[in-house]
Amino acid sequence: MAEKTAAEMKEKILAKFAEVFGEGEGTKAYFAPGRVNMIGEHTDYNGGHVFPCALTIGTYGAARKREDRKLRFYSMNFGHLGIIESSLDELEPAKKSGWTNYPKGVMWAFEKRGFEIPCGMDLMLNGNIPNGSGLSSSASVEVLTGFILRDFFGFDVTNQDLALIGQYSENNFNGVNCGIMDQFAIAMGKEGQAIFLDTADLSFEYAPIKLENAKIVISCSNKKRGLGDSKYNERRSECETALAEIQKVVGINSLGDLNEEQFEMYKSAIKDEVRVKRAKHAVYENQRTVKAVEALKNNDVELFGKLMNESHISLQYDYEVTGIELDTLVEEAWKVDGVIGSRMTGAGFGGCTVSIVKTDAIDSFIDKVGKAYKDKIGYAADFYVVEIGDGPTVL
Ligand code: GLA
């Protein structure tokens with residue numbers, strides 16, 4: 001992918017900002033990344049570990065304070081919608097507000113926390129994360145908005161708070177019961193490093209992804225994934241029910257408290273076969289994530305890749321969140337020489353896969369997986385060779 005540099009993206013968004021909102025003083029440009037999760041899927045709302053990293057692709061923003069309470073939004077990705085107007089006095093979710101529910105939700109969440117937003121703003125966004133791909137374009141917009149609010153009004157919040165506020169807004173304003181992973185990965189991102197986060201207590205460490213002669217390749221299925229109308233919330237409640245059943249026989253706080261042996265010992269407390277599979281995934285995936293990070297620390301990228309593959313199988317058969325598009329991308333990837341590991345990433349039900357591919361095999365990977373996917377699914381996939389980038393910044 002020919003990625004434009006941050007400087008070019010900044011110039012582009014500032015020019016468009018002036019065209020749409022008019023010239024003026026005090027316009028600033030910002031960036032917040034997207035994220036990819038390497039391993040630890042559907043564990044973040046089960047008190048388990050995740051291992052995501054921020055990307056160098058993400059959301060560019062330009063913003064300027066206003067003297068009134070109006071909010072004017074414009075997305076270069078949805079240019080046909082034109083300017084969408086609102087106001088700080090109208091911070092309520094509405095279907096007709098479309099994508100602006102994300103920045104509005106964050107403003108609402110700041111106010112809920114007692115931070116009064118003193119004036120409105122004009123806000124323009126331009127994302128280069130494929131929309132609806134499962135690389136967290138919405139969390140990127142949330143963290144970006146929080147970052148701009150802090151920069152404009154000096155709110156006393158840390159980057160970790162920006163993640164929590166973003167998640168709060170997604171849960172309570174946008175109605176998606178997501179965990180903390182996406183907003184955390186974006187707000188806390190660090191170049192070259194993945195974040196090994198324990199979602200039980202938010203303790204974390206950075207772990208460098210040292211891939212000699214290999215790169216991270218994201219394959220986008222182009223099957224759109226909308227978390228709101230997907231089965232995400234259903235999976236979450238299945239896990240909650242399974243936890244409550246296990247809690248009748250053993251005192252744990254979350255499924256992440258169990259290792260594999262303990263799960264096998266207590267699983268008969270779960271009174272439904274489907275829920276046993278869901279809980280099994282949550283427990284085994286958490287343990288796999290811990291092992292995968294250990295493998296990486298020991299420079300055992302092969303083992304890391306093997307655990308990625310096992311993660312996919314578990315998401316396919318036990319958690320059942322993959323679907324033919326993601327399974328095809330992964331199964332075709334596994335056939336290619338030079339693929340160290342491949343799995344779906346993010347919520348599933350469409351979206352992307354993440355693969356570690358030897359650098360000299362990337363061309364044939366894209367060619368072979370791309371052709372097989374198109375043959376079977378009927379439309380093309382897109383491929384992105386990505387780099388691990390920093391968290392939100394002023395440009
Ligand atoms: C989505 C959610 C995250 C996480 C993943 C699955 O990306 O926003 O909180 O649950 O799905 O791992």
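Whatever order the structure lists them in is the order used to number ligands and atoms, beginning at 1.
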Mutual orientation of the aromatic rings belonging to Phe31 and Tyr60 [parallel < 30°, tilted 30-60°, perpendicular > 60°]: tilted

With ring-ring contact (aromatic ring centres under 6.0 Å, His included) as the rule and sequence neighbours excluded, what pairs involving residues 237-286 come up? His281-Tyr319

Any atoms of ligand 1 less than 4.0 Å from a non-hydrogen atom of Cys178? List them with their elements. 2 (C), 8 (O), 9 (O)

Atom 6 (C) of ligand 1: which of Arg235, Glu41, Met344, Glu170 has the nearest heavy atom? Glu41

Check: Val274 main-chain N/O paired with Asp272 side-chain donor or acceptor under 3.5 Å: yes

Contact atoms of ligand 1, heavy-atom distance to Met181 under 4.0 Å: 4 (C), 5 (C), 12 (O)

Go through it in stages, so that I can follow the logic: the residues are Thr158 and Asp161, the test is side-chain hydrogen bond (donor to acceptor under 3.5 Å, both in side chains), and I'd like the CA-CA distance, side-chain angles, deciding distance and then a yes or no. CA-CA 5 Å; Thr158 62; Asp161 295 328; 3.1 Å; yes

Which atoms of ligand 1 sit under 4.0 Å from any heavy atom of Tyr232? 1 (C), 2 (C), 3 (C), 4 (C), 9 (O), 10 (O), 11 (O)

Whether the Arg343 and Asn37 side chains hold a donor-acceptor pair (N or O, under 3.5 Å, no angle test) is what I'd like checked. no

Would you say Asp182 touches ligand 1, if touching means a heavy atom closer than 4.0 Å? yes

Which pairs, with at least one residue in residues 174-206 and sequence neighbours excluded, count as a ring-ring contact (aromatic ring centres under 6.0 Å, His included)? His49-Phe196, Phe184-Phe204, Phe204-Tyr206

Min N/O separation Ser136 to ligand 1 under 3.5 Å: no

Arg275 with Glu245: basic N within carboxylate O range, under 4.0 Å: yes

Counting each atom of ligand 1 from 1 as listed, which ones have a heavy atom of Arg35 under 4.0 Å away? 7 (O)

Give a yes-or-no answer on whether the side chains of Asn222 and Asp382 include a donor-acceptor pair shorter than 3.5 Å. yes

Numbering the atoms of ligand 1 from 1, which are under 4.0 Å from a heavy atom of Gly179? 9 (O)

Atoms in ligand 1 flagged as close to Tyr45, the criterion being non-hydrogen separation under 4.0 Å: 10 (O)

Which atoms from ligand 1 have a heavy atom of Gly346 less than 4.0 Å away? 6 (C), 11 (O)

For atom 3 (C) of ligand 1, state which one of Asp44, Asn177, Thr345 supplies the nearest heavy atom. Asp44

